[in-house]
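Shown next, in structure tokens, is the structure this report addresses.
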Amino acid sequence: MEEPMAQTLTAPATAAQPRRGNLRTVLMPLVLDVAAPMACYYLLHGALGMSEVAALTLSGVIPAVRVIAGIVRDRTLNGLAGLTLAVNVAGIALSFVTGDARMMIAKDSALSGVISLFMMLTAFTARPVMTPGMRAFITRGNAVREAAWERLASSTRFRRAERRFTGIWGAAMLADCVARLIGAFTLPVSTMVWLSNVLLIAALAVGLVVAGVFGSGQIMWMINNETRAAR
């Protein structure tokens with residue numbers, strides 16, 4: 001589930017992107033990366049009696065194939081796709097070497113951890129990774145709002161809100177990483193197969209609320225004031 005979510009959060013969006021993206025485009029990666037592997041695991045392990053390692057490995061093939069298909073289709077390997085594929089392969093290999101299905105669960109938290117650290121590191125740079133998506137959402141391609149963004153972009157208060165927005169998202173993903181890592185080695189594998197996704201969704205919900213209040217909400221307020229002043 002991390003890759004479609006992370007692509008949504010970190011991809012440089014454009015104002016036209018929300019209009020082009022329809023419901024099928026949004027839901028299909030979630031179906032292939034979340035619903036299908038989960039159903040596959042419970043079918044193979046619960047109904048057919050396959051071992052946890054084998055069931056998790058076969059169910060993990062579905063999102064891996066989606067990533068490979070995307071690489072072939074786009075004829076390019078972006079960092080996130082490569083990372084996702086590498087983590088999946090490493091999780092499968094470790095599960096077979098150790099015979100512990102928990103390694104397949106733990107790999108998801110590892111991916112969240114890498115994404116979170118990347119977010120938090122860029123929060124201290126001149127180009128926080130979450131800014132392009134937030135900018136597209138706030139300005140919506142409106143020339144007046146884009147101009148307001150450019151005028152405000154050099155102010156200390158504005159830059160602080162930008163960094164805070166990305167930093168909060170990084171912290172939310174890190175909390176998800178820790179929670180799922182603990183669950184992977186303390187709870188039954190069959191529980192973590194569904195709970196892992198619940199924890200990620202919860203982290204995303206918290207990120208949306210907190211980052212909205214202390215990051216994008218403040219930037220939205222500044223942009224609105226600036227556009228009114230410019231009229």
Side-chain angles (χ1 to χ4, degrees), residues 1-10 23-70 80-119 169-210:
M1 185 172 183
E2 281 85 355
E3 191 196 358
M5 288 294 185
Q7 286 175 334
T8 301
L9 294 174
T10 62
L23 188 61
R24 181 172 177 272
T25 302
V26 174
L27 292 181
M28 187 56 69
L30 297 181
V31 170
L32 293 177
D33 287 355
V34 181
M38 194 184 308
C40 183
Y41 167 81
Y42 287 117
L43 174 65
L44 295 174
H45 179 62
L48 301 181
M50 190 174 288
S51 70
E52 288 181 333
V53 172
L56 283 172
T57 298
L58 290 177
S59 62
V61 168
I62 299 173
V65 168
R66 191 185 77 82
V67 172
I68 294 172
L80 184 58
L83 177 62
T84 302
L85 188 59
V87 168
N88 272 287
V89 172
I92 292 172
L94 284 172
S95 295
F96 274 112
V97 169
T98 64
D100 190 353
R102 296 178 183 276
M103 298 305 297
M104 284 290 288
I105 303 296
K107 72 175 175 57
D108 293 332
S109 64
L111 188 55
S112 284
V114 172
I115 292 172
S116 71
L117 291 176
F118 176 66
M119 287 180 174
W169 270 113
M173 296 302 291
L174 183 60
D176 167 68
C177 167
V178 173
R180 289 201 283 171
L181 190 61
I182 293 173
F185 292 102
T186 58
L187 297 175
V189 171
S190 58
T191 299
M192 281 305 297
V193 168
W194 63 265
L195 183 58
S196 179
N197 293 314
V198 172
L199 290 172
L200 177 60
I201 292 171
L204 294 172
V206 171
L208 282 170
V209 173
V210 179

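Side chains are part of it too, since the values below use all heavy atoms of this structure and drop only hydrogens, waters and symmetry mates.
L181 contributes atom CG, which lies 11.5 Å from atom CZ of R102 (distance to the nearest 0.5 angstrom). In this structure, L174 CG and L117 CG are separated by 6.5 Å, a value rounded to the nearest 0.5 Å. Rounded to the nearest 0.5 Å, atoms CG (D176) and OG (S196) are 7.0 Å apart. Note that CG of N197 is 9.0 Å distant from CE of M192, once rounded to the nearest 0.5 Å. One distance of note links CE of M173 with CG of L200; it measures 5.5 Å at 0.5 Å rounding.
Two residues are said to be in side-chain contact when any heavy atoms from C-beta on lie closer than 4.5 Å; R180 and L195 fail this criterion. In this structure, the side chains of V193 and L56 come closer than 4.5 Å at one or more pairs of heavy atoms. The side-chain heavy atoms of W169 and V206, taken from C-beta on, include no pair separated by under 4.5 Å. Looking at Y42 and S59, their side chains never come closer than 4.5 Å, going by heavy atoms from C-beta outward.
One N or O on the side chain of S116 and one on the backbone of G113 form a donor-acceptor pair closer than 3.5 Å.
Residue C177 comes nearest to S109 through the heavy atom pair SG-O, 3.0 Å, listed as atom of the first residue, atom of the second, then distance.
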